[in-house]
Amino acid sequence: MVDTPRATASLLGLVLAASLAACSSDGDQPGAGADAGHRSSETGTSGDFTQQNMIITAVCSRGNGSGGVINVDGWNPQSWKHLAHAEFQLPDTAIVEYDRPEPNTAVRQLCEPDELPADAEDVTAIRSLFDQDFTKMAVVTQDPQIAATHVGYVDRAGKFTDLTGNGDFGNTPHEHNAAFSRDGSAVWFTYEVTDQPGISTKDRVASRALAGDHKAVDQLEVRTAQELIMVGRTPSRAVVASSAFLSPDGKRLLARGYVLDVPAEGQGVSPDLVEKGRYISCGGGWLDNDTVLCSADGRFAALDIASGAKPGAPILPSNDHDNHAMVISPDGQRFAFLSQKGAAMDYYLCDTKPGSTPQKVERTGKFSALGDTAAFIEWR
């Protein structure tokens, strides 16, 4: 147990998900999870998310209480054939933050019924709730009697594993913003240190490994907790910043409109460090190692991050829609976005070249059941 009285309750938990190497394009090949590669006899859909050329969506179905069901699906971006499916039943004690003003967590971004589906700023936060092959989902639970909050994970069978556990007599655990490391070996979270009760506090980041005794390992002190991600390969490193994206080569970070080099191994990234980067105002993700996607008043444009560069010509034609970028293809040649006009909302795919014509994703077959609340959380 982390030896602190209460946890920070005001940041989003996320793990920055890089494009994952695929082991096969055959949905019957086994994956990392216990049921990965299992094919439903009713739907013919695999549970294997290790394939390439797949767009992955997540949808939250609210429960009667605090729980709910998170459905994750994989789709072929050309045919929109349904390729993979995983379902995560949240425990009744899971904190989903329905109808609360704070905190604005990744789970709430996915499950909030009155908001638009998550756009690019939220995608990495939601993606970080899962391990790399969607066999587990990070969860925060709350004890209704003593208000203790624990971090853990739920698997596809609905089994919840409590990583915080019930320690010896001491401080009540208050751990928030559970997020998986990219390799699924640990759950990271935030907590708050109080030097003297009611006088001063410090926000910190810690992790609990899935293996062993799950003892909390303190990672980083931050000025303010906003969004938690893990950057880098081995080991993961904590980054606290909004709308954060790692470049394809893993060498640069785009966060809160700033670009900076990823620091040396073992060094965390706090908002102070992010703000020492170069401000470019764009924050839609990376097209390649040197180019990012800008919203450009909803028409989108590419921007070379070289000093003094300006966004290129608009990608979309002139329009009166409200457009929200979601995910970018691994090669940076295409991207998905949600377009709203009045009460109508539709998903589109588009090339990233200026003057491209977007193609609407027709809601047919299994895709028609997603509704307007699906978050496109990865394109691999």
Side-chain angles (χ1 to χ4, degrees), residues 17-33 35-60 70-88 110 117-120 123-124 126-127 129-135 137 156 248 284-288 293 300 315 323-339 345-353 356-380:
S19 299
L20 304 174
C23 63
S24 173
S25 60
D26 184 353
D28 288 321
Q29 293 297 320
D35 64 344
H38 170 72
R39 185 172 292 276
S40 167
S41 60
E42 296 182 0
T43 66
T45 302
S46 170
D48 181 7
F49 285 85
T50 64
Q51 306 170 60
Q52 289 181 324
N53 195 33
M54 180 187 289
I55 285 180
I56 299 170
T57 61
V59 177
C60 174
I70 307 299
N71 287 287
V72 181
D73 294 278
W75 311 87
N76 180 292
Q78 285 79 41
S79 66
W80 291 99
K81 178 182 178 181
H82 194 200
L83 301 176
H85 176 76
E87 182 176 300
F88 299 92
L110 183 60
D119 60 15
V123 163
T124 46
I126 295 171
R127 176 61 183 89
L129 294 170
F130 309 94
D131 66 344
Q132 64 181 8
D133 291 327
F134 299 93
T135 66
M137 177 180 174
R156 294 184 186 179
W286 295 87
L287 298 177
D288 57 38
L293 183 67
F300 306 110
I315 294 173
N323 300 314
H324 303 266
M326 285 189 163
V327 289
I328 299 170
S329 64
D331 62 7
Q333 299 300 305
R334 305 179 77 197
F335 71 109
F337 67 95
L338 177 74
S339 184
M345 288 192 288
D346 291 289
Y347 300 99
Y348 286 82
L349 297 185
C350 188
D351 292 344
T352 54
K353 296 179 180 178
S356 296
T357 301
Q359 301 297 315
K360 184 167 74 172
V361 179
E362 298 297 338
R363 301 198 186 193
T364 60
K366 291 289 184 180
F367 190 80
S368 64
L370 285 184
D372 294 330
T373 60
F376 285 44
I377 61 174
E378 185 177 350
W379 190 335
R380 59 173 60 176

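Hydrogens, waters and symmetry mates are skipped; everything else that's a heavy atom, side chains included, is used.
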Who pairs with [X] by side chain to side chain contact (heavy atoms under 4.5 Å, CB included), at least two apart in sequence or on another chain?
| X | value |
| --- | --- |
| Glu87 | Val69, Asn71, His85 |
| Val361 | Trp80, Tyr347, Leu349, Phe367 |
| Asn76 | Asn53, Gln78, Ser79, Lys81, Leu83 |

Margin query: Would Ile315 and Cys350 count as a side-chain contact (heavy atoms from CB on, under 4.5 Å) here? Give the steps.
Written below: CA-CA 9 Å; Ile315 294 173; Cys350 188; 4.0 Å; yes
Checklist line | Listed partners of Asp351 passing side-chain hydrogen bond (donor to acceptor under 3.5 Å, both in side chains), at least two apart | finding: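 If we apply the side-chain hydrogen bond (donor to acceptor under 3.5 Å, both in side chains) test to Asp351, skipping adjacent residues, there are no hits.
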Note to self: Restricting to side-chain hydrogen bond (donor to acceptor under 3.5 Å, both in side chains), what partner residues turn up for Thr352, sequence neighbours left out?
What the structure shows: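 Checked Thr352 against side-chain hydrogen bond (donor to acceptor under 3.5 Å, both in side chains); zero matches.
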Beyond-backbone contact of [X] with [Y], side-chain heavy atoms, under 4.5 angstrom:
| X | Y | result |
| --- | --- | --- |
| Ile70 | Leu110 | yes |
| Met345 | Leu338 | yes |
| Asp73 | Ile56 | no |

Could you give the distance from [atom1] ([X]) to [atom2] ([Y]), rounded to the nearest 0.5 Å?
| X | Y | atom1 | atom2 | answer |
| --- | --- | --- | --- | --- |
| Gln132 | Glu378 | CD | CD | 9.5 Å |
| Asn323 | Asp346 | CG | CG | 11.0 Å |
| Trp75 | Phe376 | CH2 | CZ | 9.0 Å |
| Ile377 | Met326 | CD1 | CE | 11.0 Å |
| Arg334 | Ser356 | CZ | OG | 10.0 Å |

Notebook entry, point to check: ring pair (Phe, Tyr, Trp, His ring centres under 6.0 Å) with Phe337: which residues, sequence neighbours excluded?
Noted result: Phe300, Phe335, Tyr348
Next item on the list: Using distance alone, with no hydrogens and no angle criterion, decide if Thr135 and Asp133 have a side-chain donor and acceptor under 3.5 Å apart.
Entry: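 No donor-acceptor contact under 3.5 Å links the two side chains.
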Closest contact, heavy atoms only, [X] versus [Y]:
| X | Y | result |
| --- | --- | --- |
| Ala86 | Arg156 | CB-NE, 3.6 Å |
| Ala336 | Trp379 | N-CZ3, 4.1 Å |
| Gly332 | Ile328 | CA-CG2, 3.9 Å |

